[in-house]
Amino acid sequence: MADQVKLFGMWASPYSRRVELALKLKGIPYEYIEEDLSNKSCLLLKYNPVHQKIPVLVHNGKPVAESLVILEYIDETWTNNPVLPQDPYDRAMARFWAKFIDEKILITTRKVSLASGKEQEQAIEEITEQLKLLENELKGKEYFSGHNIGFLDIVANFLVFWFGNVQEVLGIDMFSEEKFPVIFEWIQKLVKIDVVNECRIPKEKHLDYIRTRVEAFKSSTK
Amino acid sequence: MEKSDLKVKVLGTWSSPFVMRARIALNMKSVNYEFLQERLWEGKSERLLKSNPVHKKVPVLIHGDKLICESLIIVEYIDEVWPSAPSILHSDPNERAIARFWAAYLDDKWFPSMRSIGFARGEDEKKAAIAEFEKGLVLLEKAFGNCRKGKPFFGGDQIGYLDIAFGCFLGWLRVTETTSGIKLLSEAKTPALINWAHRFCSDAAVKDVMPDTEKLAEFAKMIASKRRGEAPPKS
């Protein structure tokens, strides 16, 4: 029986795009279902009743939720082009920094987007520190995973397309080549890779999307 | 020297459920380790700050010259470095994904909701916190039913990743039951989990590292009074 792979995702979500990137890197054919997060489908609610969130991967009818869990599932099920390293310590480090990205950097990015004044300044300081820590992991390497892109490069995908857009909408300077030369060099390498470009988010559409969300949040807190 | 022969240490505290995860995993693999106890209520030591500069938290697994942080990452590391039976994670990718999903749920949602009970101010807030927490327990009871496939543990015949991820919280759950005066694991709503909890706590890899509930409750009182700025008891 041929494998049936479906991905419930959302075009602007870095979590959803990272799963797409992993599937494409492995050459796994899949059906993509775009979810309207303001009107979630019955199927999404059925496949992820606990969190009711995207992304959800459905493989031969069995759902897998949570993007980092999905990435590991993909790597274990389709063992060609492995995205996680072989060595247990290297795997632990990749997982550690992936968790750091999700629990610290992405959360602080949200704070930066939605805060203003002193609070926003503090959040920008926080994210600068966090990005510096992450940048250290790239020093002396072509990619986070070494000579080829892997797990941590995939998880750090939001730096490639999202960060610059958020910064542009907010009119702030927190992420520049001057501040993070090693990360910027890595981004230049990544955007030359075909599958990474296939997961590129449309810039203008994304700028509008961020603007709408920031305005909606600000008016809801007035 | 074989990787698995290098010296193993765990930096942690006896009261932390997260530290317990690392110790249970090492016990399952019969790996000898030195337990370096931190006294976190007195401040973070130089040793801790050096071992986990990013988060400054326990547990840290020290394996030879390598430092591994984050409890669930440590458990997976242990399973991979000492791959001999018993396996901590299932071999099937779908089973592994289910276990990792629920472990993430426990850390991101469920345990914080248990802590909210302790921090709740006033009866209304406490009732709301307990209701939220109990919803989670009902989900976990159902997950247990699905995962166990008629066997005694989430992991099957023996304890596994999800048993460890969940069971480590039982000490603090019992303390919360004592201080709130409410049975959180109940025959009415979570009958299977009650029996699972007894089996888990009796497991050879668990029983020596599961803290005594009374001792934990005393410890909780001590931390709470420290937070309120009262003088620490002589101990």
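Order of the sequence lines fixes the chain letters, A, B, ..., with proteins taken first and strands second; residue numbering starts at 1 for each chain.
Checking Arg23(B) against Tyr33(B) by side-chain atom types alone, a donor-acceptor pair falls below 3.5 Å. For the residue pair Ser113(B)/Glu132(B), the side-chain donor-acceptor check at 3.5 Å is not satisfied.
Of the listed residues Asp79(B), Ile74(B), Asn94(B), the one with more heavy-atom pairs under 4.5 angstrom with chain A than any other is Asn94(B). Among Leu139(B), Ile68(B), Val54(B), the residue with the largest count of heavy-atom pairs under 4.5 Å with chain A is Val54(B). Looking only at heavy-atom pairs under 4.5 Å with chain B, the residue among His59(A), Glu103(A), Lys62(A) that has the most is Lys62(A). Looking only at heavy-atom pairs under 4.5 Å with chain B, the residue among Gln130(A), His51(A), Lys104(A) that has the most is His51(A).
Closest approach of Glu135(A) and Val182(A) over heavy atoms only: OE2-N, 3.0 Å.
A distance-only check finds no donor-acceptor pair linking the side chain of Lys111(A) to the backbone of Ala123(A) [under 3.5 Å].
With a 4.5 Å cut-off on non-hydrogen atoms, Asn48(A) touches chain B through its side chain but not through its backbone. Neither the backbone nor the side chain of Trp78(A) comes within less than 4.5 Å of any heavy atom of chain B. Using a 4.5 Å cut-off between heavy atoms, Asp92(B) makes no contact with chain A at all. Proximity to chain A is limited to the side chain of Arg96(B), based on heavy atoms less than 4.5 angstrom apart. Leu67(B) touches chain A through its backbone: at least one of N, CA, C or O sits under 4.5 Å from a heavy atom, while the side chain does not. Heavy-atom distances place both the backbone and the side chain of Arg95(A) under 4.5 Å from chain B.
Between Trp110(B) and the options Trp102(B), Tyr105(B), Phe166(B), Trp172(B), a ring pair (Phe, Tyr, Trp, His ring centres under 6.0 Å) holds for only Phe166(B). Exactly one of Arg47(B), Lys57(B), Lys44(B) qualifies for a side-chain hydrogen bond (donor to acceptor under 3.5 Å, both in side chains) with Glu38(B). That residue is Arg47(B).
Note on ring orientation: taking the six-membered ring where Trp is involved, the planes of Phe154(B) and Trp196(B) are perpendicular (angle over 60°, cut-offs 30° and 60°).
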